[in-house]
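First up is the structure itself, then whatever we jot down about it.
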Amino acid sequence: MYEVIIVGSGPAGLFAALNLVKEGKDSILIIDKNPFPSGGMLNDCKLNLSTEIGMDLDELKISKDKAKEYIEFIDKTFLKFGAPDQIFGDDQTLYKEWDERAKRNDVEFIPAIQRHIGTDLSKNVIKNFRDFLEKKGVKFKLSTEIVDIKIKDKFYNLETSKGESFEGKYVILAPGRSGSKWLREISNRLNISYSNGKKIDVGIRVEMRNESYPITDVIYDPKFKIKSKYGNILRTFCTNPGGRVTLERYDDFTLVNGDALKSSKTENTNFALLDTIILTEPLTDPFVYGRLIAISTNILGNGRPIIQRVGDFLDEKRSKEETFFDKTRWFDRVKPTLNVGKLVTPGDIRMSYPYKIIKELKEALIKLNKIFGNTILKEENIIYAPEVKFYSLVYNTTEKLETNVKNIFVAGDGAGKSRGIVGAAISGIIASEGILKNENS
Ligand SMILES: Cc1cc2nc3c(=O)[nH]c(=O)nc-3n(C[C@H](O)[C@H](O)[C@H](O)COP(=O)(O)OP(=O)(O)OC[C@H]3O[C@@H](n4cnc5c(N)ncnc54)[C@H](O)[C@@H]3O)c2cc1C
């Protein structure tokens, strides 16, 4: 029997445990289906230390000042466990020019202070985090998937796929985006209340040589917001200077994403350009819509994501394997970080993306190109698709993230409470505060 059981060892779960330990609790069990704790923290691990990115203060029901307090604590914690000292975006004079160019092109530039840990270094930071929690008495049960939760008197019985079960007085469900489907099923069984979202982000990943995107010397992951002629909002997201484009595999489709290592850099920079689509009647299920776009792009790519040269995209032509490195068009100048033919297939994203989204992506690329003096739309640059970001369901909770079922709390991306490492960590801390509050009432 544990006092608190946390499902998910991502930032939400780990920071919830840390705060409980800080307040003297030691009967805590963290369960994760993966063999290594961390959730999404292993992916690149850029910390966005800004209240405007990766969190929704209204959803978290906290003020900007309170959020800043949490952010400071989270950043200090990462530093304590070995995050690098270097910080980006804290000197406004260095990015003033891009800010002015953005305004001139009717683009909003959102400055953000960031710390980049990197996929390689984050492993060590997470190990230190785990060691610290274990020394304080927190137990980890890894490679263990929770399949069901049963109510037993005033306690909860969490059942694993291997037939084990763990009893807890309080439960924090922080299963991340990969566990959002499971969270929905559990919520239906336990009558935990939630509401459907209507939003989805559909976009592309753009890859170019590092020198084509010089802003990353001062801001690691610059955020530009562009309002299209149709009224949708597009934004740059998840920039990886010297990074790699990666694959994100799901049961029935594969998306593209990106990351960067701290110790070894590529010649390329990549970022996502995302178009936020809000569905209205009759189709209001964004998951169905996003999945269809992802699957159709994979089908055209013979089971893989599609890669296309910007030159071909602008000429309204498909890219082909035999001309993908054509020297006469300078295509040899940008070498894709994903293997062409093995992991991605040259093709035409206009075949699988709706007309409206293609038009908006093009409009946004043209604006970014103007801001950066014609480096974004160089013929040799590369576009990858599908890049789709699903929004989770939003769980109806108290201000301390307790659901309508007593002593069951939710936190992190899987519950729609965050969209990034720092936001997820904040929500984990808030849920742990809820447990402490219930204990003292
Ligand atoms: C490729 C990639 C790069 C990213 N880069 C960044 C970045 O640089 N900066 C940033 O801020 N954000 C980034 N993100 C997003 C970030 O990873 C998430 O926002 C964050 O990890 C969410 O934290 P979480 O605690 O809610 O969930 P997660 O970190 O997803 O953790 C949830 C954990 O729950 C476990 N779990 C799920 N279901 C069960 C179950 N039934 N039983 C047991 N365990 C379960 C999962 O295995 C997982 O370990 C990136 C995401 C990806 C995919």
Side-chain angles (χ1 to χ4, degrees), residues 5-17 29-50 53-55 71 74-75 78 112 114-119 122 126 140-149 158-162 164 166 171-186 205 220-221 223 237-241 243-250 255-260 262 270-272 387-392 395 401 410-429 431:
I5 299 183
I6 300 171
V7 181
S9 68
L14 292 181
F15 274 88
L29 174 67
I30 300 182
I31 302 177
D32 202 296
K33 62 183 175 188
N34 282 333
F36 188 79
S38 79
M41 275 200 296
L42 266 188
N43 296 314
D44 199 48
C45 211
K46 289 184 275 297
L47 304 180
N48 279 302
L49 305 169
S50 152
I53 300 168
M55 65 194 79
I71 291 173
I74 291 160
D75 190 34
F78 276 105
Q114 290 151 339
R115 189 182 302 286
H116 177 237
I117 300 178
T119 305
S122 68
I126 294 154
F140 281 81
K141 185 89 187 152
L142 302 171
S143 303
T144 302
E145 182 174 9
I146 298 299
V147 286
D148 206 359
I149 300 178
L158 280 73
E159 297 175 355
T160 77
S161 56
K162 296 174 200 155
E164 291 170 284
F166 300 95
V171 177
I172 298 179
L173 300 174
R177 228 171 279 174
S178 68
S180 60
K181 194 164 157 248
W182 170 78
L183 186 57
R184 184 202 289 225
E185 287 161 12
I186 282 291
R205 192 151 283 260
Y220 190 85
D221 181 15
K223 309 281 183 191
F237 180 78
C238 185
T239 308
N240 298 294
R244 325 170 284 193
V245 178
T246 57
L247 296 180
E248 196 182 321
R249 296 181 200 275
Y250 290 81
L255 304 176
V256 290
N257 211 310
D259 76 353
K262 198 76 193 168
N270 68 71
F271 63 80
E387 170 109 26
V388 180
K389 303 282 178 221
F390 296 97
Y391 287 71
S392 302
Y395 286 77
L401 305 187
V410 286
D413 288 18
K417 300 295 175 192
S418 58
R419 290 180 71 73
I421 293 168
V422 176
I426 293 181
S427 70
I429 299 174

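Both counts, for ligands and for their atoms, begin at 1 and track the order of listing.
Put simply, the side chain of Lys389 reaches to within 4.5 Å of the side chain of Asn257, judged on heavy atoms. The side-chain heavy atoms of Phe78 and Met41, taken from C-beta on, include a pair separated by under 4.5 Å.
With atom 35 (C) of ligand 1 as the reference point, the heavy atom nearest to it among Asp32, Asn43, Val422 is part of Asp32. For atom 8 (O) of ligand 1, the choice among Lys46, Glu248, Lys141 with the nearest heavy atom turns out to be Lys46.
At a heavy-atom distance under 4.0 Å, no atom of Ser427 approaches ligand 1. Contacts of Asn257 with ligand 1, taken as heavy-atom pairs under 4.0 Å, involve the side chain alone. With a heavy-atom cut-off of 4.0 Å, Ala174 touches ligand 1 through its backbone alone. Contact annotation for Val147 and ligand 1: no heavy atom of the residue comes within less than 4.0 Å of the ligand.
Every atom of ligand 1 with a heavy atom of Gly40 under 4.0 Å away is listed here by number and element: 17 (O), 21 (O), 28 (P), 29 (O), 30 (O). For ligand 1 and Ala12, the ligand atoms under 4.0 Å from any heavy atom of the residue are 25 (O). Contact atoms of ligand 1 toward Thr144: 43 (C) (distance under 4.0 Å to a heavy atom of the residue). Those atoms of ligand 1 that come under 4.0 Å of a heavy atom in Gly412, given as number and element, are 26 (O). Here is the list of ligand 1 atoms found below 4.0 Å of a heavy atom in Gly39: 28 (P), 29 (O), 31 (O), 48 (C), 49 (O). Close approach of ligand 1 to Asn34 (heavy-atom distance below 4.0 Å) involves ligand atoms 47 (O), 49 (O). Applying the 4.0 Å criterion to heavy atoms of Asp44 picks out, from ligand 1, the atoms 8 (O). Heavy-atom proximity to Gly420, at under 4.0 Å, picks out these atoms of ligand 1: 11 (O), 12 (N), 19 (O).
For Ser427 against Gly412, the heavy-atom pair with the smallest separation is OG-N, 2.8 Å. For the pair Ile71 and Ser50, the tightest heavy-atom approach, listed with the atom from each and the gap, is CD1-C, 3.9 Å. Taking both residues in full, the closest heavy atoms of Phe390 and Arg419 are given as O-NH1, 3.8 Å, listed atom of the first, atom of the second, then distance. Nearest heavy atoms, Ala260 versus Asp44: N-OD1, 2.7 Å. Scanning all heavy atoms of the two residues, the minimum distance from Gly8 to Ile30 falls at O-CG2, 4.0 Å. Ile53 approaches Ala112 most closely through the heavy-atom pair CD1-CB, 3.3 Å.
Within the 4.0 Å cut-off (strictly below), a protein heavy atom is located near atom 31 (O) of ligand 1. For atom 15 (C) of ligand 1, the protein comes within 4.0 Å by no heavy atom at all.
The N/O atoms of Ser9, backbone and side chain alike, include none that comes under 3.5 Å of an N/O atom in ligand 1. In terms of N/O distances under 3.5 Å, ligand 1 is not approached by Ala411.
We find the NZ-CG distance between Lys33 and Leu142 to be 13.5 Å, quoted to the nearest 0.5 Å.
Taking a 4.0 Å cut-off on heavy atoms, Val7 registers as neighbouring ligand 1. Residue Cys45 places a heavy atom less than 4.0 Å from ligand 1.
Nearest protein neighbour of atom 27 (O) of ligand 1, counting heavy atoms only, is Gly176 CA, 3.1 Å. Among protein heavy atoms, the minimum distance from atom 37 (C) of ligand 1 is reached at Pro175 O, 3.1 Å. For atom 44 (N) of ligand 1, the nearest non-hydrogen atom of the protein is Lys33 N, 3.0 Å. Ile146 O, 3.0 Å is the protein heavy atom nearest to atom 41 (N) of ligand 1. At the top of the distance list for atom 26 (O) of ligand 1, counting protein heavy atoms only, stands Asp413 N, 2.8 Å. Remark: minimum distance from atom 34 (O) of ligand 1 to any protein heavy atom is reached at Gly8 CA, 3.2 Å. Regarding atom 11 (O) of ligand 1, its nearest protein heavy-atom neighbour is Ile421 N, 2.8 Å.
For Tyr250, the ring pair (Phe, Tyr, Trp, His ring centres under 6.0 Å) test picks out Phe253, with sequence neighbours left out. Residues satisfying the ring pair (Phe, Tyr, Trp, His ring centres under 6.0 Å) test with Tyr395, not counting sequence neighbours, are Tyr194.
When each of Arg244, Lys46, Arg205 is tested with Asp259 by the rule salt bridge (charged side-chain N to carboxylate O under 4.0 Å, His left out), just one qualifies, namely Arg244. Each of Leu173, Asp32, Ile5, Val7 was scored for a side chain to side chain contact (heavy atoms under 4.5 Å, CB included) with Ile146, with one residue passing: Val7.
Judged by distance alone, the side chains of Asn270 and Asn240 do bring a donor and an acceptor atom under 3.5 Å apart.
When atom types are taken as modelled, the side chain of Ser418 and the backbone of Asp413 share a donor-acceptor pair closer than 3.5 angstrom.
At most 12 heavy atoms of other shown residues, nucleotides or ligands fall within 6.0 angstrom of atom NZ in Lys181.
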